[in-house]
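Quick notes on the structure that follows.
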Amino acid sequence: MKITFHEQTKVFHLFNDEISYIIRIMENGQLENLYYGKKIADREDFTHLHEEMQRALMAVCVPEPGVLSMQYTKQEYPVYGTGDYRSPAFTVKQENGSQVVNFTYVSHEIYKGKKALTPLPAVYVEREEEACTLEVLLHDDVMDTDLTLSYTIFEAYPVITRNAKITHKGTEKITLERAMSLSVEFQDMDFEMVHLSGAWARERYVKERKLEMGIQSIQGINGTGCGAEHNPFLALKRPHTTENQGEVYGFSLVYSGNFLAQTEVSTFDMTRVMMGIHPEGFSWELAQGESFQTPEGVMVYSDAGLNKMSQVYHRLYRKNLMRGKWRDQPRPILLNNWEATYFDFNEEKILNIAAKAKEAGVELFVLDDGWFGVRNDDYSGLGDWFVNLNKLPHGISGLSQKIEEMGLKFGLWVELEMVNKDSDLYREHPDWIIGVPGRFESHGRHQHVLDFSRKEVVDYIYEMISKVIRESSISYIKWDMNRYMTEPYSRGASSSEQGKVMHKYILGVYDLYTRLTQEFPEILFESCSSGGARFDPAMLFFAPQTWTSDDTDAGERAKIQYGTSYVYPLVSMGSHVSAVPNHQLLRTTPLSTRGNMAYFGTFGYELDLNLLSEEEMEEVKQQIAFMKEYRNLIQVEGDFYRILSPFEGNETAWMVVSQDKEQAIVGFYQRLNKINGSWLRLKLQGLDKQVLYDVKCGEKVYQAYGDELMYVGIPIDREVLNQKGGDFASLLYVLQKAD
């Protein structure tokens, strides 16, 4: 890992054992990207990689006889108005109405380690030796404004993180209208764009499209999170790249608010990737001495396919983004009462469900929605974070104590960013919701969004919920968020400040998370947003796991968890065994398949175990025992491999392999059964070719070397699939190095 600056040629080279990123200072003082990809040897002069020629309609941005044009240059941070007719990374409106800027090189600093971006979440290092950072300072003389571009390269990962900071020094105010976190350009367009898109209950489906000239983008503009529709991630892969071979470039944004991820192909086949805060509804006025910090973008390069890209994101986010007590620990096995009771419960019913969970080996009981205010449905009570004593006469304090006396830990559901109009909070503070005076205020799930851009609102919620936590024995909090923002307007901000509201809202969410996680560092937080509508890297900085989807059907979870694994580690994916018929699809799947799917995540239950038969209860106990034995491998120590895609065929398969390659867990799932089906071999990955493994599936055990298991494969026994129910049947293989 090293960052070098070649003074004579004005070239920066960031490199480690796997990647190179090369920038030069051009003759006009701006920055150009010369190369990004597989590591190349460092040397003094890379300037021959700059290409230019005189072209028709070209705007030349240097004095005669130069021919430099921004239209044909791979810029590091393109701006508006000086001859580049593609989308800019930065747009600012000045007091005279101009949007033209010219940031030129002033100085740079290279140092070991990585600075925090507080109050924004970001990837971090614990030792300076883990990373090296380049900060390049540029300046616009007319505005008297600084632009600092930061690049951090990691020692152990093919990763570069990017961010930008704007500091205004001039006496005249300026207004930022666009400030991307990163911009990267490629000389060609021979790519396919991969992204994760969907909707509620079908989040993060894998989508691929060939790049063509023009703009292709994904976005989130709902104000309160990245959304179920599009995740703040995209990748560019070569057309023949697969899971295990070929080039791919990944781009992930550590941010939970409105975002834009865009590719733009010019008519000269150049590809520009940009990612950052969405400019829609964004405007940020800066007075003299004020700054604006963009969120962090995380770029990953892989020359060994999509799976390696994913493994890099998994390791980085697991070790250098998640924090606190739970970063390196396997998750407790929980039971959540939501699908067991919904709002209809009392203390007796809850204790009865918890007692059965304890009998099965569950370690954590979670009380979901309905415990507070006047909350018997979703029409009322949100915002009133005090206990409903009609349901729970001994309060959360008393209930949590009784649960702990059973030998279980206790967890609690909250939805801190929302309010019902039928609540004491709204009646006392009707101006605290997001909405425009005089206009209809749209509702979702009969609730409204509290204005977290206002400090007094965040303070109020913090005091209410922290009081409940302090008075109780709480080990886990599920933080939900069940609607998007509409009518984005703050009654607490002036007209000139309205363009700041949605970003300040997210900063308010981060502030509340920071206060709660600092005061209660032992608590395991799980983020939730109608399931997976806020599954983004920034949330993992505060809550090391996210409820992956409200869709708990094992068949549908194959697609959801497969797509989520492109960026997010298994330990971050909330996954439960739920009742059948499934509450979302009314589909019945085998209990074994529901367990085999949930193993590859945090694992838990969302049902009343009292309603199961003795045979089913015995199977639940076996599932819990299995997860306790192998959760450290699955959640903390193992590397994840995708084998068969549910988006391409009838079968899904994946596996986790230990770092020493002596142990592995393999999941195989079929959707619909086949009559008189062909032979099927499952070829594994990531094993040691020379190791002899015991391969166990149920009671059947045989031995095979790693090379056979990877190159020949495991014969799939269709008769066993038939015995397990046929449709939506699954198999689980445990591999252990033979004695």
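Below, all heavy atoms of this structure are taken into account, side chains as well, without hydrogens, waters or symmetry copies.
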**Asked** Taking all non-hydrogen atoms of both residues, which atom of G276 and which atom of M180 are closest, and how far apart?
**Response** N-SD, 3.6 Å
**Complete:** Exactly one candidate in E130, E128, E296 meets side-chain hydrogen bond (donor to acceptor under 3.5 Å, both in side chains) with K114; the answer is E296
**Prompt:** Is H240 atom NE2 crowded by more than 12 heavy atoms from other residues, nucleotides or ligands, each under 6.0 Å away?
**Reply:** no
**Request:** Could you check H50, Q75, K74 and say which one makes a side-chain hydrogen bond (donor to acceptor under 3.5 Å, both in side chains) with E32?
**Result:** H50
**Request:** Look at the side chain of S20 and the backbone N and O of I40, then say whether any donor-acceptor pair between them is shorter than 3.5 Å.
**Result:** yes
**Asked** Does E27 pair with K10 as a salt bridge, N-O distance under 4.0 Å?
**Response** no
**Prompt:** For S572 and M322, which heavy atoms make the closest approach, and how far apart are they?
**Reply:** CB-CE, 3.8 Å
**Request:** With R642 as the cation and Y562 as the aromatic partner, state whether NZ or CZ is under 6.0 Å from the six-membered ring centre and within 45° of the axis.
**Result:** yes
**Message:** Under a 3.5 Å distance rule, please check whether R323 uses its side chain to pair with a backbone N or O of F541 as donor and acceptor.
**Reply:** yes
**Message:** If the threshold is 4.0 Å, N to carboxylate O, is there a salt bridge linking E76 and R162?
**Reply:** yes
**Request:** Kindly say whether A89 contributes a backbone atom to a donor-acceptor pair with the side chain of S183 at under 3.5 angstrom?
**Result:** no
**Asked** If you draw the axis of the six-membered ring of F282, does the NZ or CZ of R178 fall within 45° of it and under 6.0 Å from the ring centre?
**Response** no
**Prompt:** Would you call V60 and M58 a side-chain contact if the rule is heavy atoms closer than 4.5 Å?
**Reply:** yes
**Prompt:** Does the pair D42/K2 count as a salt bridge with the N-to-O cut at 4.0 Å?
**Reply:** no
**Prompt:** Can you check whether N102 reaches Q30 side chain to side chain, under 4.5 Å on heavy atoms?
**Reply:** yes
**Prompt:** Distance-only, no hydrogens or angles: does the R272 side chain make a donor-acceptor pair with backbone N or O of S87 under 3.5 Å?
**Reply:** yes
**Prompt:** Less than 4.5 Å apart, any side-chain heavy atom of L117 and any of N163?
**Reply:** yes
**E18/K308 under salt bridge (Lys or Arg N to Asp or Glu O under 4.0 Å): CA gap, chis, key distance, verdict** = CA-CA 12 Å; E18 297 186 75; K308 180 183 176 183; 2.5 Å; yes
**Message:** Check D144 with K169, please: is the shortest side-chain N to carboxylate O separation under 4.0 Å?
**Reply:** no
**Asked** Is it true that E285 and K93 have a side-chain N and a carboxylate O under 4.0 angstrom from each other?
**Response** no
**Prompt:** Has the side chain of S529 got a donor or acceptor atom that lies under 3.5 Å from a matching backbone atom of G531?
**Reply:** no
**Asked** What pair of heavy atoms forms the shortest contact from L120 to Q293, and how long is it?
**Response** CD1-O, 3.6 Å
**Message:** Check this for me, if you would: do R238 and E247 make a salt bridge, where the nitrogen-to-carboxylate-oxygen distance has to be below 4.0 angstrom?
**Reply:** yes
**Prompt:** Are D188 and T271 close enough that some pair of their side-chain heavy atoms sits under 4.5 Å apart?
**Reply:** no
**Asked** Is the backbone of A164 close enough, under 3.5 Å, to the side chain of T294 for a donor and an acceptor to pair up by distance?
**Response** yes
**Asked** Knowing that exactly one of Y317, Y313, Y566 qualifies, which makes a side-chain hydrogen bond (donor to acceptor under 3.5 Å, both in side chains) with S252?
**Response** Y317
**Asked** Salt bridge between R534 and E417, side-chain N to carboxylate O under 4.0 Å?
**Response** yes
**Message:** Please check this pair: side chain of E290 against backbone of A287, looking for a donor-acceptor N/O pair closer than 3.5 Å.
**Reply:** yes
**Prompt:** Is any NZ, NE, NH1 or NH2 atom of the basic residue among K237 and E192 found under 4.0 Å from an Asp or Glu carboxylate oxygen of the other?
**Reply:** yes
**Prompt:** Just one of Y301, F268, Y249 clears the ring pair (Phe, Tyr, Trp, His ring centres under 6.0 Å) bar with F186, so which one?
**Reply:** Y249
**Asked** At their closest point, which heavy atom of Y484 faces which heavy atom of A533, and how far apart are they?
**Response** OH-CB, 4.0 Å
**Item:** H13 and F46 aromatic ring geometry - parallel, tilted or perpendicular at 30°/60° bounds
**Value:** perpendicular
